[in-house]
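Notes to accompany the following structure.
Letters go in sequence order (proteins before strands), and every chain restarts at 1.
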Amino acid sequence: MIPAHFPWMVWAELRKVYTRGSGIGALLIAAVMGLGAVAAMYEAGHNDTAQINGATLADIVAVNAVEVGGWALNARNFFVLPLFLLLATAGTVAGELGNRTLREDLVRPIPRWSALASRMIAVSSLSALTLLITGAVSFLPGLVLFGMPTPGTGAVPVDYPTASQLGMGYLASFASDVGLIAIAVMLSLVVRSVGGVVVTLVLILMADLAVRGVLNLMSLAQIQVAAQLLPWTLGNALGCWQGWSTHFEPMRFLALTVVIVACTAAATARLSRMDVP
Amino acid sequence: MRGLDLDVKVGDLYGFLGPNGAGKTTAIRCILGLIRRDAGEVEILGERNPVRQRVGVGSMVETPRFHEWLSGRANLQLACAYAGNYEGVEEALTRVGLIERASDPVRGYSLGMKQRLGIARALIGNPKVLILDEPTNGLDPRGMREIRDLLRELVRRDKLTVFVSSHLLAEVEAMCNRVGIIDKGVLKAEGRVTELLAGRGDVLEVELGVTDKPAALAVIAATNGRVKLVGDADEGRLLVGLSGIDVATLNKTLVDAGVGVTALLSRTRSLEDLFLEVTSVEDDLQRKP
């Protein structure tokens with residue numbers, strides 16, 4: 001049963017998330033990533049000195065608004081911003097469990113799962129807002145400075161990604177962030193400290209990297225089952241957004257859905273049964 | 001906890017006492033659903049559903065914790081969102097004397113101010129029952145008195161039921177109308193303060209000063225157990241327990257038997273006497289490493 005005042009609970013969590021250092025930091029980094037991509041593309045597009053295989057950087061780089069949006073997305077999804085999202089999630093669950101402010105919410109007339117749901121919604125909104133900021137501050141200036149991709153731009157003829165593909169990339173990134181948030185929430189209820197959550201997730205992802213390495217080697221050795229298992233590894237599921245400019249792998253999204261559902265269910269079950277300090 | 005059966009009546013200002021480690025906070029966390037019970041039930045205002053029964057309950061468990069970077073007012077507004085009631089923030093802040101510092105971040109509050117803010121947060125949501133764990137912790141004597149007066153006012157004026165755990169016996173004695181004393185998770189005594197302090201059951205302890213002790217003891221022996229010698233009191237007086245006989249009748253009986261009565265004092269026990277009587281000091285010491 002959803003409490004009638006659930007929207008107010010979400011509002012309370014939003015207020016906390018957007019006033020914490022991790023939330024403010026995530027918004028700033030999102031803006032920096034977007035503007036940085038514009039600056040980098042502007043520099044690359046005007047660079048006639050650096051050469052690769054005899055061609056200048058300005059000739060090689062496709063300079064347009066979609067590309068700059070893609071650069072910003074790649075930069076945004078590389079390590080720093082996911083780390084801030086991880087900190088924001090761990091702060092709102094493990095942090096509050098550790099400093100006992102979660103207790104103050106749970107003595108109110110609400111089912112425990114709703115306290116978790118309101119927190120997940122709030123942190124997910126932070127992810128969405130950072131994507132919006134990164135996209136807006138890269139794509140809109142890119143549109144003004146570089147324009148939309150047109151056939152024949154650049155020395156190498158390629159099929160340029162379209163704006164809709166870029167949009168799908170941002171949407172896929174949001175799905176990936178929700179997966180990260182679900183994992184962080186589940187770990188928060190087990191590890192119960194912000195630092196512990198970060199360290200544990202890094203260790204899990206390192207183990208996942210090793211597993212992927214082994215599976216890749218097995219794939220090269222024509223072992224069919226390895227190729228079938230690869231999309232189901234955690235790193236590949238969270239990296240579902242990576243195919244935005246070419247093609248998405250549906251299996252990665254399926255794996256991500258399984259991760260989100262399993263982690264959310266495990267976290268809800270754990271919180272409903274645990275003694276709250 | 002074993003067989004803990006608390007009976008808090010509507011309109012009570014109930015003091016929940018016990019030595020360190022007796023289980024007071026555990027019991028409160030159990031009542032509030034923060035820890036799971038192996039067995040037993042909690043009923044608050046006739047409601048047994050663990051979520052619905054918290055609708056009319058405001059609480060403060062141990063040292064209250066806050067989002068330190070937010071103001072006192074913002075913390076109460078967050079509590080409002082979870083309580084499903086969006087009014088009463090300013091009134092609660094006024095009642096605990098924090099209205100002038102309400103816009104300051106909580107990180108700058110003293111322990112006493114945080115304690116007051118915790119009580120203010122417990123008042124959010126128009127509760128009918130307040131459950132407070134050591135509410136005067138960290139307060140100076142003036143602050144303790146203000147909180148005591150506030151709790152009394154909440155019971156008298158706002159018709160709230162207040163359940164307060166404390167180790168400050170004089171505080172509870174001055175404030176509460178009913179008490180429960182817990183030790184090692186077991187309820188050792190419960191009832192109205194006046195009745196508990198008057199003596200156990202129908203027995204009233206009296207200090208008796210007489211001119212002729214042997215004659216007085218003979219009179220006592222002839223009362224068929226209605227007057228029992230408990231021990232010696234100060235200044236050579238006897239300590240006797242009366243059961244089924246009042247002080248005036250004892251006086252008349254002694255005088256009629258030719259025993260001069262020099263003192264006849266009803267002995268009023270303090271809550272501390274009762275507390276020490278029903279809780280085991282030895283066991284408490286053994287519990288400590």
Side-chain angles (χ1 to χ4, degrees), chain A residues 1-25 87-88 91-119 121-122 189 192 194 269-277, chain B residues 25-26 28-38 44-45 47 49-71 73-86 105-107 114 117-118 121-122 124-127 129-133:
Chain A
M1 187 80 176
I2 300 174
H5 55 283
F6 184 71
W8 289 100
M9 292 164 58
V10 174
W11 168 83
E13 294 310 320
L14 289 172
R15 193 168 176 180
K16 284 190 266 179
V17 163
Y18 288 101
T19 52
R20 277 200 180 97
S22 52
I24 295 166
L87 288 172
T92 200
V93 182
E96 290 204 29
L97 198 58
N99 67 24
R100 303 187 180 189
T101 45
L102 179 62
R103 175 182 72 193
E104 306 297 344
D105 295 339
L106 297 181
V107 295
R108 297 293 174 181
I110 55 160
R112 286 188 175 187
W113 66 261
S114 64
L116 217 50
S118 61
R119 281 163 168 78
I121 290 170
L189 294 172
R192 299 190 183 199
V194 176
R270 168 98 179 135
L271 183 63
S272 68
R273 286 171 174 78
M274 73 190 289
D275 291 343
V276 177
Chain B
T25 299
T26 303
I28 286 175
R29 290 175 63 208
C30 217
I31 291 167
L32 293 171
L34 291 172
I35 55 176
R36 287 189 300 157
R37 300 182 297 273
D38 298 324
I44 301 175
L45 300 172
E47 181 60 71
N49 179 288
V51 174
R52 285 199 298 269
Q53 71 183 193
R54 294 200 293 268
V55 169
V57 176
S59 63
M60 187 179 83
V61 185
E62 293 179 308
T63 308
R65 303 301 179 100
F66 300 96
H67 304 288
E68 301 266 332
W69 73 96
L70 295 173
S71 68
R73 181 179 283 110
N75 270 279
L76 295 199
Q77 286 165 347
L78 295 181
C80 281
Y82 271 83
N85 189 313
Y86 320 107
V106 173
R107 71 167 75 91
K114 286 180 182 174
L117 190 61
R121 182 166 57 189
I124 293 294
N126 285 330
V129 178
L130 275 188
I131 298 174
L132 307 174
D133 191 8

Fill in the blank from the handout: To the nearest 0.5 Å, atom CG of Leu106(A) lies from atom CZ of Arg29(B) at 11.5 Å
Exercise for the section: Would you give the length of the straight line joining atom CD of Gln77(B) to atom CZ of Arg15(A), rounded to the nearest 0.5 angstrom? Expected result: 4.5 Å
Handout entry: Which portion of Ser118(A) sits near chain B, non-hydrogen atoms under 4.5 angstrom
Key = side chain
Practice task
Give, as side chain, backbone, both or neither, the part of Met274(A) having an atom under 4.5 angstrom from any heavy atom of chain B.
Solution key: backbone
Exercise for the section: Working to the nearest 0.5 Å, report the span between CD of Glu13(A) and OH of Tyr82(B). Expected result: 3.5 Å
Practice task
Taking atom CD1 of Ile2(A) as the centre, report whether more than 12 heavy atoms of other residues, nucleotides or ligands fall under 6.0 Å from it.
Solution key: no
Problem - Euclidean distance, Leu78(B) CG relative to Trp11(A) CH2, rounded to 0.5 Å - result: 6.0 Å
Practice task
May I ask you to name which of Glu68(B), Arg121(B), Gln53(B), Met60(B) has the most heavy-atom pairs under 4.5 Å with chain A?
Solution key: Arg121(B)
Practice task
Could you tell me the separation between the CD atom of Glu96(A) and the CZ atom of Arg65(B), rounded to the nearest 0.5 Å?
Solution key: 12.5 Å
Handout entry: Non-hydrogen atoms of Arg36(B) and Asp275(A) that approach each other most closely
Key = N-OD1, 3.0 Å
Completion exercise
When the 4.5 angstrom heavy-atom criterion is applied to Arg52(B) and chain A, the contacting part is neither
Exercise for the section: Under 4.5 Å heavy-atom distance to chain B, tell me which part of Arg112(A) shows up: side chain, backbone, both or neither. Expected result: side chain
Problem - Proximity breakdown for Ile124(B) and chain A, heavy-atom pairs closer than 4.5 Å - result: both
Handout entry: Which of Gly125(B), Pro64(B), Ala74(B) touches chain A most, by non-hydrogen pairs under 4.5 Å
Key = Ala74(B)
Problem - Structural part of Leu34(B) lying under 4.5 Å from a heavy atom of chain A - result: both
Completion exercise
Between Arg108(A) and Ala83(B), the two heavy atoms sitting closest are NH1-CB, 3.8 Å
Fill in the blank from the handout: Ala81(B) and Ala12(A) have their tightest heavy-atom pair at CB-CB, 3.7 Å
Fill in the blank from the handout: Looking only at Leu32(B), Asn75(B), Val55(B), Thr63(B), the option with the highest number of non-hydrogen pairs under 4.5 Å against chain A is Val55(B)
